[in-house]
Undergrad: 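Once you've had a glance at the structure underneath, I'll fire off some questions.
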Amino acid sequence: MSSSTKKSNVQLYTDQTPNGVKISIALEELGLPYEVHSMNISTNKQKEDWFLKINPNGRIPAITDTMTVDGKEETIRIFESASILLYLIENYDPEYKLSYPRGSKEQYEVVNWLMFQNAQHGPMQGQANHFYRYAPEKIQYGINRYINETRRVYKVLDDHLRSSSSSYLVGNKCTIADCSTIGWVNAAAWAGVDIDEFPTLKQWKERMNERPAVAKGNDVPHPSPLKGMMGDEKKLDEYAKKASAWIMKGMKDDEKK
């Protein structure tokens with residue numbers, strides 16, 4: 001654990017996505033000062049050379065911070081959301097607001113659910129989003145496979161929360177595992193998943209969204225354009241068509257490289 005006196009110089013590069021809000025939610029929960037750099041991914045700002053020096057993969061979120069090396073202050077980059085969350089608790093959570101003591105059973109469990117979200121939940125729901133909302137051709141196999149895989153993941157979360165009798169994913173406090181998960185669960189309907197199928201997970205979702213830091217972090221760098229659209233399929237379809245256009249353009253641009 002780094003010293004609790006470490007000064008935050010976190011620069012957050014993000015957009016309004018389920019991955020992006022993971023970091024702003026965690027920063028708000030920790031009460032850390034940070035500067036937001038809004039990245040409009042629909043313009044492929046994240047593929048520009050200056051940003052590729054921060055994240056070579058050209059994706060958000062990413063952060064920079066400073067650290068002292070041999071008496072000199074140097075800028076470091078941290079990319080991939082799980083890596084960022086682990087960095088934040090390692091350096092800025094001496095009171096274990098979003099974690100548990102290192103080496104404890106509870107902290108290993110936090111990492112389990114953090115990695116589950118990043119390796120299973122996010123990728124499956126992301127593909128469900130693509131085939132259900134964005135793909136120019138409606139491929140029913142792809143739609144069915146990824147929506148059903150997302151529902152399977154939601155059942156894992158629902159079963160876990162019900163059997164553990166905990167208010168949160170690990171114990172009775174919010175951790176980085178919860179911060180990593182809430183943005184995606186909030187977007188369930190966008191992926192064609194009915195959250196009402198998973199009542200315990202729905203209760204967790206409502207509990208998380210009642211937290212002031214989660215509410216604030218959810219609106220970074222700006223409120224989601226999907227707010228108010230859920231349940232109105234006409235508006236959702238119109239929004240999806242606009243998003244599909246820049247996603248398809250980005251895919252074609254990547255093919256040329």
Side-chain angles (χ1 to χ4, degrees), residues 1-39 54-55 60-68 73-104 106-115 117-118 122 166-187 203-224 227:
M1 170 67 66
S2 295
S3 170
S4 60
T5 61
K6 177 175 168 62
K7 182 181 177 182
S8 167
N9 190 25
V10 171
Q11 308 292 306
L12 171 61
Y13 299 84
T14 191
D15 201 359
Q16 179 51 244
T17 72
N19 280 335
V21 300
K22 294 177 183 181
I23 311 308
S24 48
I25 288 171
L27 287 164
E28 293 294 338
E29 287 283 354
L30 290 170
L32 277 181
Y34 63 102
E35 185 174 349
V36 177
H37 301 266
S38 182
M39 303 286 293
I54 298 171
N55 183 356
I60 61 93
I63 68 169
T64 62
D65 198 4
T66 53
M67 67 184 299
T68 301
E73 192 172 82
E74 295 188 3
T75 299
I76 59 169
R77 66 183 187 183
I78 311 290
F79 54 87
E80 293 298 325
S81 62
S83 179
I84 298 169
L85 291 169
L86 290 169
Y87 172 83
L88 291 176
I89 62 167
E90 179 67 24
N91 288 274
Y92 297 111
D93 194 17
E95 298 175 354
Y96 305 114
K97 293 179 180 179
L98 288 179
S99 61
Y100 291 91
R102 307 304 172 261
S104 67
E106 291 83 3
Q107 185 58 16
Y108 286 125
E109 188 72 358
V110 168
V111 175
N112 285 340
W113 290 106
L114 175 66
M115 296 307 167
Q117 197 290 311
N118 283 267
S166 297
S167 300
Y168 297 94
L169 288 175
V170 183
N172 287 312
K173 72 176 182 181
C174 177
T175 69
I176 55 171
D178 300 277
C179 295
S180 187
T181 304
I182 184 59
W184 285 93
V185 174
N186 278 339
Q203 290 172 2
W204 168 88
K205 170 191 167 185
E206 293 167 350
R207 186 179 305 114
M208 283 291 291
N209 286 323
E210 287 172 357
R211 299 177 66 89
V214 172
K216 189 173 181 181
N218 265 330
D219 285 346
V220 175
H222 52 74
S224 171
K227 279 187 176 180

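Only heavy atoms go into these numbers, but all of them, side chains included; no hydrogens, no water, no symmetry mates. As the structure is a prediction and not an experimental result, all values here were calculated from the model.
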Undergrad: With Y100, which residues qualify under side-chain hydrogen bond (donor to acceptor under 3.5 Å, both in side chains), at least two apart?
TA: none
Undergrad: With rounding to the nearest 0.5 Å, note down the distance linking CG in L86 to OG in S99.
TA: 10.0 Å
Undergrad: To the nearest 0.5 Å, what is the distance between SG on C179 and CD on Q117?
TA: 11.0 Å
Undergrad: Of all residues at least two apart in sequence or in a different chain, which pass the side-chain hydrogen bond (donor to acceptor under 3.5 Å, both in side chains) check with T175?
TA: D178
Undergrad: Among I63, T64, T66, which residue meets the side-chain contact (heavy atoms from CB on, under 4.5 Å) test with N9?
TA: T66
Undergrad: Of the non-hydrogen atoms in V10 and Y92, which two are nearest, and what is the gap between them?
TA: CG2-CE1, 4.3 Å
Undergrad: P101: what forms a side chain to side chain contact (heavy atoms under 4.5 Å, CB included) with it, not counting sequence neighbours?
TA: Y96, S104
Undergrad: Using atom types as modelled, flag every donor-acceptor pair under 3.5 Å from a side chain in residues 212-220 to any protein atom, sequence neighbours excluded.
TA:
unit_1 : atom_1 : unit_2 : atom_2 : d
N218   : ND2    : N209   : OD1    : 3.4
N218   : ND2    : V214   : O      : 3.3
D219   : OD1    : K227   : NZ     : 2.7

Undergrad: Is a side-chain donor or acceptor of D15 paired with a backbone partner of I60 at a separation under 3.5 angstrom?
TA: no
Undergrad: Provide the closest heavy-atom pair for V21 versus G183 in the form atom of the first, atom of the second, distance.
TA: CG2-CA, 4.0 Å
Undergrad: Give the minimum heavy-atom separation between M208 and I182, together with the two atoms involved.
TA: CB-CD1, 3.7 Å
Undergrad: Is a donor on one side and an acceptor on the other found under 3.5 Å between the side chain of K22 and the backbone of T17?
TA: no
Undergrad: Classify the angle between the aromatic ring planes of H37 and Y13 as parallel (below 30°), tilted (30 to 60°) or perpendicular (above 60°).
TA: parallel
Undergrad: Is I23 close to T14 at the side-chain level, that is, under 4.5 Å between some pair of heavy atoms?
TA: no
Undergrad: Between atom OG of S8 and atom CG of L30, what is the distance when rounded to the nearest 0.5 Å?
TA: 9.5 Å
Undergrad: Under the side chain to side chain contact (heavy atoms under 4.5 Å, CB included) criterion, do I89 and R102 qualify, and how do the steps go?
TA: CA-CA 10 Å; I89 62 167; R102 307 304 172 261; 3.8 Å; yes
Undergrad: In Å, rounded to the nearest 0.5 Å, how long is the span from OG1 of T68 to NZ of K7?
TA: 11.5 Å
Undergrad: So, for A26 and L98, which heavy atoms are closest and what is the spacing to 0.1 Å?
TA: O-CD1, 3.6 Å
Undergrad: Are any of the side-chain heavy atoms of I78 and D65 separated by less than 4.5 Å?
TA: no
Undergrad: Looking only at heavy atoms, which two atoms of P61 and L12 are closest? And how far apart?
TA: CB-CD1, 4.4 Å
Undergrad: Measure across Y108 and G103 and return the closest heavy-atom pair with its distance rounded to 0.1 Å.
TA: CE1-O, 3.6 Å
Undergrad: Please report the C-alpha distance between K205 and N186 in whole Å, then the side-chain angles of each, then the deciding distance to 0.1 Å, and finally whether the side chain to side chain contact (heavy atoms under 4.5 Å, CB included) criterion is met.
TA: CA-CA 7 Å; K205 170 191 167 185; N186 278 339; 3.3 Å; yes
Undergrad: Determine, step by step, whether N118 and S81 satisfy the side chain to side chain contact (heavy atoms under 4.5 Å, CB included) criterion, reporting the C-alpha distance in whole Å, the side-chain angles of both residues, the deciding distance to 0.1 Å, and the verdict.
TA: CA-CA 8 Å; N118 283 267; S81 62; 2.9 Å; yes
Undergrad: Could you measure the distance from the CG atom of L169 to the CD1 atom of I176? Nearest 0.5 Å is fine.
TA: 11.0 Å
Undergrad: Of all residues at least two apart in sequence or in a different chain, which pass the side-chain hydrogen bond (donor to acceptor under 3.5 Å, both in side chains) check with E109?
TA: N112, W113
Undergrad: Tell me, please, which residues at least two apart from S167 pass side-chain hydrogen bond (donor to acceptor under 3.5 Å, both in side chains).
TA: N172
Undergrad: To the nearest 0.5 Å, what is the distance between CD1 on I76 and CD1 on I54?
TA: 12.5 Å
Undergrad: Between S180 (side chain) and A177 (backbone), is there a donor-acceptor pair under 3.5 Å?
TA: no
Undergrad: Show, in sequence, the C-alpha distance, side-chain angles and deciding distance for R211 and E29, and conclude whether the salt bridge (charged side-chain N to carboxylate O under 4.0 Å, His left out) test is met.
TA: CA-CA 9 Å; R211 299 177 66 89; E29 287 283 354; 2.8 Å; yes
